[in-house]
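When reading the values below, keep in mind they use all heavy atoms of this one structure, side chains included, and skip hydrogens, waters and symmetry mates.
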Amino acid sequence: MISRIDLRGDALPEGAALRDLLPRAEFDVEAALEKVRPICEDVHHRGTAALIEYAQKFDGVRLEQVRVPAEALTEALAGLDPKVRAALEESIRRARTVHRSQRRSAHTTQVVPGGTVTEKWVPVERVGLYAPGGRSVYPSSVVMNVVPAQEAGVASIALASPPQAEFGGLPHPTILAACALLGVDEVYAAGGAVAVAMFAYGTEDCLPVNMVTGPGNIWVAAAKRYFTGKIGIDTEAGPTEIAVLADATADPVHVAADLISQAEHDPLAAAVLVTDSEDLAAAVEKELEPQVAATKHIEDRIRPALAGRQSAIVLVDSLEDGLKVVDAYGAEHLEIQTADAAAWADRVRNAGAIFVGPWAPVSLGDYCAGSNHVLPTGGCACHSSGLSVQSFLRGIHIVDYTRDALAEVAHHVVTLAEAEDLPAHGAALKARFGWKVPGQ
């Protein structure tokens with residue numbers, strides 16, 4: 001059901017050579033980009049009419065309007081299962097607790113007497129958030145996108161999710177209910193690249209945004225790449241990933257369950273176990289079969305995900321080598337199931353989020369840990385972070401110098417300007433001091 005990669009016996013290679021040995025899903029965003037380009041430009045030129053046409057083509061829904069009526073949000077919340085509502089409210093509460101503490105304050109540094117630089121943090125003015133609605137419905141993604149944007153102080157928040165034929169062309173009612181719980185009333189029935197284009201260009205109904213965030217399929221990722229530079233994006237999210245670094249102390253039942261939990265997202269989902277224990281590897285392999293047989297989504301998601309080239313059990317000589325492997329892999333989700341797990345977790349350099357010990361499974365982070373589950377995939381954790389309040393803030397430097405403070409450093413500025421053959425830069429200072437700069 002899942003393959004093995006044996007890295008024991010020889011010294012591990014470094015850098016790209018090690019990464020090339022590790023499993024990874026094929027995710028060709030560049031090829032998808034060519035297909036979404038005309039769709040995005042069609043939305044640009046035809047606006048709402050294009051959105052309605054693509055809803056018919058891609059979602060099998062004939063829309064009368066793209067914006068979700070306010071009464072549909074109210075009705076969705078009223079009809080929400082009380083248990084689901086309680087779970088969402090707790091998820092929101094915990095996410096707010098964590099994200100509220102992330103907000104940065106302005107900081108002023110006195111460089112010299114009379115000369116200061118202040119860094120202030122200003123929220124993005126308007127954001128478009130995307131909640132997927134293909135194989136599964138993800139109200140949790142509504143929470144994970146909306147809460148940090150709200151806690152950052154974003155004034156205008158819009159959300160899009162694909163229209164569903166089953167619900168009369170509206171997004172899934174649980175998505176709508178989550179929006180209502182969070183106080184988001186600008187919601188659109190639009191999916192994939194079409195939704196990203198709507199946000200980027202704006203339409204008759206939707207004002208353009210400054211930034212788009214949220215997970216999605218390859219078409220969402222390709223549209224984000226297309227608009228990079230025009231709008232801000234969080235990340236080009238690929239198929240979900242879990243890596244587990246484990247030793248002989250790990251419970252194979254837990255490890256197998258956690259690998260399966262991510263495999264049920266998508267046939268391209270990656271499930272990777274890195275271990276120095278042959279016994280654990282064998283026990284996990286044995287445990288996978290009955291656990292898979294006892295769940296849902298077996299043939300269309302879980303089996304192809306576990307059997308795919310993106311999933312494997314990686315055997316290493318030691319946990320030190322295992323640490324090198326997981327750092328090279330840079331997993332979206334990394335579980336540490338070892339003795340002294342916290343110490344090993346502290347040494348990890350590359351991961352979207354780290355889950356420490358047997359009682360912090362990835363599923364907790366997906367819903368109710370308080371952390372964010374919008375995380376970098378495809379090895380991007382080596383240079384990118386998950387979604388947070390910081391994602392929606394911009395740092396602006398404010399420079400404030402008195403005459404005396406400028407006079408003290410003016411000759412250095414002129415010298416550097418002339419060294420770069422930019423005499424007008426220096427002249428801007430000379431003009432302030434009657435063309436005779438102090439110190440020259």
Side-chain angles (χ1 to χ4, degrees), residues 15-16 19-20 22-44 50 54 57-59 127-136 138 141 144-145 160-162 190-201 209-243 262-263 265-272 301 304-305 308-311 328-333 350-353 372-387 391:
R19 288 194 293 274
D20 288 344
L22 303 179
R24 188 75 74 186
E26 288 186 359
F27 195 68
D28 193 349
V29 176
E30 199 61 34
L33 182 60
E34 294 309 308
K35 294 183 178 181
V36 305
R37 188 189 308 273
I39 293 172
C40 292
E41 289 310 305
D42 192 25
V43 172
H44 185 196
Y54 287 121
K57 179 177 180 180
F58 296 136
D59 305 298
V127 300
L129 311 179
Y130 187 71
R135 287 185 174 87
S136 299
Y138 294 104
S141 288
M144 298 297 171
N145 280 272
S161 191
V194 176
V196 179
M198 175 190 71
F199 283 143
Y201 285 130
V209 303
N210 305 111
M211 182 178 188
V212 169
T213 73
N217 59 20
I218 192 168
W219 311 113
V220 173
K224 284 182 175 181
R225 180 174 295 185
Y226 184 66
F227 288 112
T228 297
K230 177 178 175 61
I231 56 172
I233 64 168
D234 51 349
T235 184
E236 293 179 10
T240 191
E241 306 160 346
I242 180 174
Q262 291 306 111
H265 275 289
D266 188 282
L268 290 178
V272 178
R301 304 183 203 174
R309 58 179 291 175
Q310 71 273 16
S311 298
Y329 185 71
E332 178 189 18
H333 309 96
N350 300 327
N372 204 293
H373 78 201
V374 182
L375 301 167
T377 60
C380 292
C382 68
H383 57 72
S384 298
S385 304
L387 201 66
S391 305

Look only at the side chain of Asn372 and the backbone of Met144, and say whether a donor-acceptor pair between them is shorter than 3.5 Å.
yes
Looking at every heavy atom in both Ala223 and Val36, which two are closest together, and how far apart are they?
N-CG2, 4.0 Å
When rounded to the nearest 0.5 Å, the distance separating CZ of Arg37 from CG of Asp42 is 14.5 Å
Sub-3.5 Å donor-acceptor pair from the side chain of Tyr130 to the main-chain atoms of Gly192, do we have one?
yes
With sequence neighbours excluded, residues passing ring-ring contact (aromatic ring centres under 6.0 Å, His included) with Phe227
Tyr201
For Pro376 versus Ser384, what's the shortest heavy-atom pair and its separation?
CG-O, 3.6 Å
Strictly distance-based, threshold 3.5 Å: is any side-chain N or O of Glu332 a donor or acceptor partner for the main-chain N or O of Gly352?
no
Quick check against the 3.5 Å criterion: does Ser161 have a side-chain atom that pairs as donor or acceptor with the backbone of Ala131?
yes
Let me see the working for Thr213 and Leu387 under side-chain contact (heavy atoms from CB on, under 4.5 Å), right down to the final yes or no.
CA-CA 8 Å; Thr213 73; Leu387 201 66; 4.0 Å; yes
Please walk me through it: do Thr240 and Gln262 pass side-chain hydrogen bond (donor to acceptor under 3.5 Å, both in side chains)?
CA-CA 7 Å; Thr240 191; Gln262 291 306 111; 2.9 Å; yes
Quick one: does any side-chain atom of Glu241 pair with a main-chain N or O of Val272 as donor and acceptor, under 3.5 Å?
no
Tyr329 meets the ring-ring contact (aromatic ring centres under 6.0 Å, His included) criterion, sequence neighbours left out, with none
Determine yes or no for a side-chain-to-main-chain donor-acceptor pair under 3.5 angstrom, with Asn145 supplying the side chain and Ser141 the backbone.
yes
Assess whether side-chain hydrogen bond (donor to acceptor under 3.5 Å, both in side chains) is satisfied between Tyr138 and His265, documenting all intermediate values.
CA-CA 11 Å; Tyr138 294 104; His265 275 289; 3.1 Å; yes
Gap separating the CD1 atom of Ile218 from the CG atom of Asp266, nearest 0.5 angstrom:
10.5 Å
Residue pairs meeting side-chain hydrogen bond (donor to acceptor under 3.5 Å, both in side chains), one or both in residues 218-228, sequence neighbours left out, come to Glu30-Arg225, Glu41-Tyr226, Lys224-Asp234, Arg225-Glu236
